[in-house]
Participant: 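First the structure, which I've put down as structure tokens, then a few questions once you've had a look.
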Amino acid sequence: MNDLNPPDARTMRMWFGAAIWFAAFVSPTALVFMLGFLDHMRAPAPPESVVAALICLTPLAAFLTCCVVVWRSPMSLGWRVAGLVLTLAAISIQCSVWFLIIVSVISAAISPV
């Protein structure tokens, strides 16, 4: 019978914030996968300036979105700061890994066999 009780607004707000945080967090990786998929499908490549701008601006926009979501959450100040530090570390590691993958793919593509 307790299943029929609607969740309180604070819980819904936290879950909604977590969903937005996760979507923004995975957006740089989704961009890299999308570019790889387009290359695999032999689609015409977008201009280099567009790709470079997306690769530079997507992690920044994702980080800012995640920070805003964490800061506006109904947590205490200590948890907010911990969330910001965790977000910064996680996005930095994520971007570092896919930058290494991109560099290794480019190196493999231009190296003589």
Side-chain angles (χ1 to χ4, degrees):
M1 197 61 159
N2 290 336
D3 294 339
L4 299 176
N5 293 336
D8 61 340
R10 185 173 182 200
T11 304
M12 291 298 290
R13 183 176 171 204
M14 287 179 69
W15 280 109
F16 184 66
I20 292 174
W21 183 90
F22 184 74
F25 177 73
V26 298
S27 64
T29 301
L31 171 72
V32 171
F33 283 145
M34 181 192 67
L35 290 174
F37 179 72
L38 288 176
D39 183 55
H40 178 70
M41 297 301 292
R42 304 286 184 216
E48 291 87 9
S49 59
V50 172
V51 172
L54 283 174
I55 285 179
C56 292
L57 294 177
T58 301
L60 181 63
F63 176 67
L64 292 176
T65 303
C66 288
C67 286
V68 167
V69 168
V70 168
W71 195 253
R72 293 185 57 147
S73 67
M75 297 184 291
S76 66
L77 181 63
W79 283 107
R80 287 181 190 171
V81 171
L84 292 176
V85 170
L86 175 69
T87 299
L88 176 63
I91 287 185
S92 298
I93 291 170
Q94 176 188 33
C95 292
S96 299
V97 167
W98 58 260
F99 276 134
L100 288 173
I101 291 170
I102 289 172
V103 168
S104 66
V105 166
I106 291 172
S107 297
I110 63 174
S111 67
V113 178

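Here the structure is a predicted model, which means the values were calculated and not measured. Scope of the values below: all heavy atoms of this structure, side chains included, with no hydrogens, waters or symmetry mates. When a residue number appears, it is its place in the shown sequence, counting from 1.
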Participant: Are the side chains of Met14 and Pro74 in contact, using a 4.5 Å heavy-atom criterion?
Facilitator: yes
Participant: Which of parallel (below 30°), tilted (30 to 60°) and perpendicular (above 60°) describes Phe25 and Phe22?
Facilitator: tilted
Participant: Answer yes or no: are there more than 12 heavy-atom neighbours, outside Trp79 itself, under 6.0 Å from its atom CH2?
Facilitator: no
Participant: Mind running side-chain contact (heavy atoms from CB on, under 4.5 Å) on Ile101 and Val32 for me, showing each step along the way?
Facilitator: CA-CA 10 Å; Ile101 291 170; Val32 171; 5.9 Å; no
Participant: Check this for me: Phe33, atom CZ, are more than 12 non-hydrogen atoms of other residues, nucleotides or ligands nearer than 6.0 Å?
Facilitator: no
Participant: With distance as the sole test, does Ser27 use its side chain to make a donor-acceptor pair with the main-chain N or O of Ala24 at under 3.5 Å?
Facilitator: yes
Participant: Quick check for you: to the nearest 0.5 Å, what is the distance between Ile55 atom CD1 and Ile102 atom CD1?
Facilitator: 4.0 Å
Participant: Leu77 versus Trp71: any side-chain heavy-atom pair under 4.5 Å?
Facilitator: yes
Participant: Check whether Trp98 and Ile106 end up in the same hydrophobic cluster, where Ile, Leu, Val, Met, Phe, Trp and Tyr are linked by side-chain heavy atoms less than 4.5 Å apart.
Facilitator: yes
Participant: Would a hydrophobic clustering, with Ile, Leu, Val, Met, Phe, Trp and Tyr connected at side-chain separations under 4.5 Å, put Leu35 with Val105?
Facilitator: no
Participant: Kindly work out whether a path of hydrophobic side-chain contacts (I/L/V/M/F/W/Y, heavy atoms less than 4.5 Å apart) joins Val26 to Phe16.
Facilitator: yes
Participant: Return the CE to CG distance between Met34 and Leu54, rounded to the nearest 0.5 Å.
Facilitator: 7.0 Å
Participant: Rounded to the nearest 0.5 Å, what separates atom CD1 in Ile93 from atom CG in Leu88?
Facilitator: 9.5 Å
Participant: Within this structure, what is the CG-CD1 distance for the pair Leu64 and Ile91, rounded to the nearest 0.5 Å?
Facilitator: 9.0 Å
Participant: Mind checking the CG-CZ spacing from Leu84 to Arg80? Nearest 0.5 Å is all I need.
Facilitator: 9.5 Å
Participant: Is there a side-chain contact between Cys95 and Phe63 (heavy atoms, below 4.5 Å)?
Facilitator: no
